[in-house]
Amino acid sequence: MKNIAIIGATGYTGIELVRILLGHPEIKITQVTSEKNAGENFSKVFSAFQNLLDLKLENFNAQQCAQKAELAFVCLPHHSAQKAVKDLLEAGVKVIDLSADFRLHSQSVYEEWYGKHEHPQLLAEAAYGLPELFRNQIQGKRLIANPGCYPTSAALALAPLIKNQLVKLDSFIIDSKSGTSGAGRTASTDILFCEVNEGFKAYKVGSHRHTPEIEQTLSLLSGSNIQVTFTPHLLPLDRGILSTTYSQSSKKIDSEELHQLFQKFYEHEYFVRVKPLGTFPNVKELRGTNFCDIGVHVEKKNGRIIVISAIDNLSKGASGQAVQNMNILFGFEEALGLKILPYLP
């Protein structure tokens, strides 16, 4: 049995971690922290967890955490996570960080998009925790940077094309739609019910912070510098991401051949499901699960390849993937605690 802490347990990713880990047979949650709700019981703040997790929420202290847990999930906002991660590592606690603070390898790129990084020496140490593509880099690490939700959906859709040299590397267009939980639990006018309900819009066009993460991942896969056109949209849903990717084929291939290639690429990956040829994913079918569903198509008239992926942004896009990384780190079966059925009517 492994003892773990959740730092920032009252945000959406922290709550989702609690939901998943309460069903994990090898894990005990021994600490939950919250600056806003310190001193209250977790189950008082979130009554759905009454008699399931009655731990008292604490203020964060790395030394106290080290006495209670051997691994901490850090669910703090960007920038706030930097010092917490450094202090936890110095206290001897392994960390899976769900912020963006350690995903980018370059300090200058991070600071261009997020602002100053106070502990850049840790950037080179952090493993990028996208298991299906970088599993070997995760094992044995003390710091894992959990990927962003949009980059997860985009990378899993495009990796087979890049690794099999099927596309022109300057042709990637990624059109993504996300539910509102991707914006976090902090109140904001843009995500009020009346602002989002029955609406649909693009946002941060050409300037979304996940762009450099997507480009970094695709560049690592290809061995060359890749730039993408990435446009996110806001759906009137609470959770889910659907990404439609477009790229130009570099060799002749049809939909059936592409489908077979994707099946082979992901044949040993439990959490990536390639849909039957001619069918495409629906975010509703992924809700609450750690799966990524993928559908593929090749346009005969122009050779354009369309790959559509769907995930739950709070699970495979955040907390579920973090648990998947934890399982790898501790040598558990990778799907342990994650064989969760979707929320269906």
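Atom set for the values below is all heavy atoms of this structure, side chains included, hydrogens, waters and symmetry mates excluded. These numbers were taken from a predicted model, which means no experiment stands behind them.
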From I7 CD1 over to S80 OG, what is the distance, rounded to the nearest 0.5 angstrom? 13.0 Å
side-chain hydrogen bond (donor to acceptor under 3.5 Å, both in side chains) partners for T231, two or more places apart: none
Enter the distance from L286:CG to K284:NZ here, rounded to the nearest 0.5 Å. 13.0 Å
With a 4.5 Å limit on heavy-atom distance, are the side chains of I96 and V74 in contact? no
Looking at side-chain heavy atoms only, is the closest gap between L329 and N325 below 4.5 Å? no
Return yes when atom CD of E267 has more than 12 non-hydrogen atoms of other residues, nucleotides or ligands closer than 6.0 Å, and no otherwise. yes
How about Y110 and H105: are their ring centres within less than 6.0 Å of each other? no
Sort and list the pairs that fulfil ring-ring contact (aromatic ring centres under 6.0 Å, His included) and have at least one residue in residues 263-294, not counting sequence neighbours. Y270-F291, F271-F291
Partners meeting side-chain hydrogen bond (donor to acceptor under 3.5 Å, both in side chains) with K94 (sequence neighbours left out): none
For the CD atom on Q50, are there more than 12 heavy atoms of other groups (residues, nucleotides or ligands in this structure) within a distance under 6.0 Å? no
Tell me, do Q216 and L104 make a side-chain contact under 4.5 Å, heavy atoms counted? yes
For residues 63-73, tabulate all N or O donor-acceptor pairs below 3.5 Å that involve a side-chain atom, not counting sequence neighbours.
from	atom 1	to	atom 2	distance (Å)
K68	NZ	E58	OE1	3.3
K68	NZ	E58	OE2	2.6

Please tabulate, for side-chain N and O atoms in residues 332-345, each donor-acceptor pair with protein atoms closer than 3.5 Å (sequence neighbours left out).
from	atom 1	to	atom 2	distance (Å)
E333	OE2	K339	NZ	3.2
E334	OE1	R135	NE	2.9
E334	OE2	R135	NH2	3.0
E334	OE2	Q324	NE2	2.8
Y343	OH	R19	NE	3.2
Y343	OH	R19	NH1	3.1

Report the residues that fulfil salt bridge (charged side-chain N to carboxylate O under 4.0 Å, His left out) with K83, sequence neighbours left out, ordered by chain and then residue number. D87
Residue pairs, two or more places apart or on separate chains, that pass salt bridge (Lys or Arg N to Asp or Glu O under 4.0 Å) and touch residues 310-330: E132-K316, R239-D312
Within the 3.5 Å criterion, strictly below it, is a donor on H119 or D101 matched to an acceptor on the partner's side chain? no
Which distance, rounded to the nearest 0.5 Å, do you find between the CG of D175 and the CD1 of I173? 9.0 Å
Hey, are N282 and E285 close enough side-chain-wise for a donor-acceptor pair under 3.5 Å? no
Once the angle between the rings of F49 and F46 is folded into 0 to 90°, is it parallel (under 30°), tilted (30 to 60°) or perpendicular (over 60°)? perpendicular
Measuring from atom CG of L52 to atom CZ of F42, what distance do you get when rounded to the nearest 0.5 angstrom? 10.0 Å
Close side-chain approach of L122 and F102, heavy atoms under 4.5 Å: yes
May I ask you to check whether H233 and F200 place their ring centres under 6.0 Å from each other? yes
Check N146 against A318 and note the closest heavy-atom contact, atom names and distance. ND2-O, 2.8 Å
CG/L123 to CD/Q107 distance, rounded to the nearest 0.5 angstrom? 7.0 Å
Please list all pairs passing the salt bridge (Lys or Arg N to Asp or Glu O under 4.0 Å) test where one or both residues lie in residues 113-127, with sequence neighbours left out. E125-R142
Out of the candidates R103, K141, E213, only one should pair with Y128 under the side-chain hydrogen bond (donor to acceptor under 3.5 Å, both in side chains) rule; please name it. E213
The side-chain hydrogen bond (donor to acceptor under 3.5 Å, both in side chains) partners of T33 (sequence neighbours excluded) come to none
Using side-chain heavy atoms (C-beta onward) and a distance below 4.5 Å, is L277 in contact with S255? yes
Using the side chain to side chain donor-acceptor pair (under 3.5 Å) rule, collect all pairs that involve residues 217-228, keeping only residues at least two apart or in two chains. S222-S224
Closest heavy-atom pair and its distance - G320, N290: C-OD1, 3.1 Å
Does this structure show an ion pair linking D254 with K252, if we count only N-O contacts that are shorter than 4.0 Å? no
Residue pair L221 / K163, side-chain heavy-atom distance below 4.5 Å: yes
Donor-acceptor side-chain pairing of D54 and S43 below 3.5 angstrom: yes
Taking every heavy atom of P131 against every heavy atom of I138, the minimum-distance pair comes out as CA-CD1, 3.9 Å
Around E256, counting heavy atoms of other residues, nucleotides and ligands shown, do more than 12 lie under 6.0 Å from its CD? no
Verify whether the ring centers belonging to H208 and F230 lie closer than 6.0 Å. yes
Side-chain donor-acceptor pairs under 3.5 Å in residues 152-159, sequence neighbours left out?
from	atom 1	to	atom 2	distance (Å)
T152	OG1	G148	O	2.8
T152	OG1	Q321	NE2	3.1
S153	OG	Y150	O	2.9
S153	OG	S243	OG	2.7

Looking at residues at least two apart in the chain, or sitting in another chain, which of them share a side-chain hydrogen bond (donor to acceptor under 3.5 Å, both in side chains) with S106? S108
Between the CD atom in Q82 and the CG atom in D97, the distance rounded to the nearest 0.5 Å is 9.0 Å
Decide yes or no for L57 and N41: does some side-chain heavy atom of the first lie under 4.5 Å from some side-chain heavy atom of the second? no
Given the side-chain rings of H297 and Y246, with only the six-membered ring counted for Trp, is the space between their centroids under 6.0 Å? no
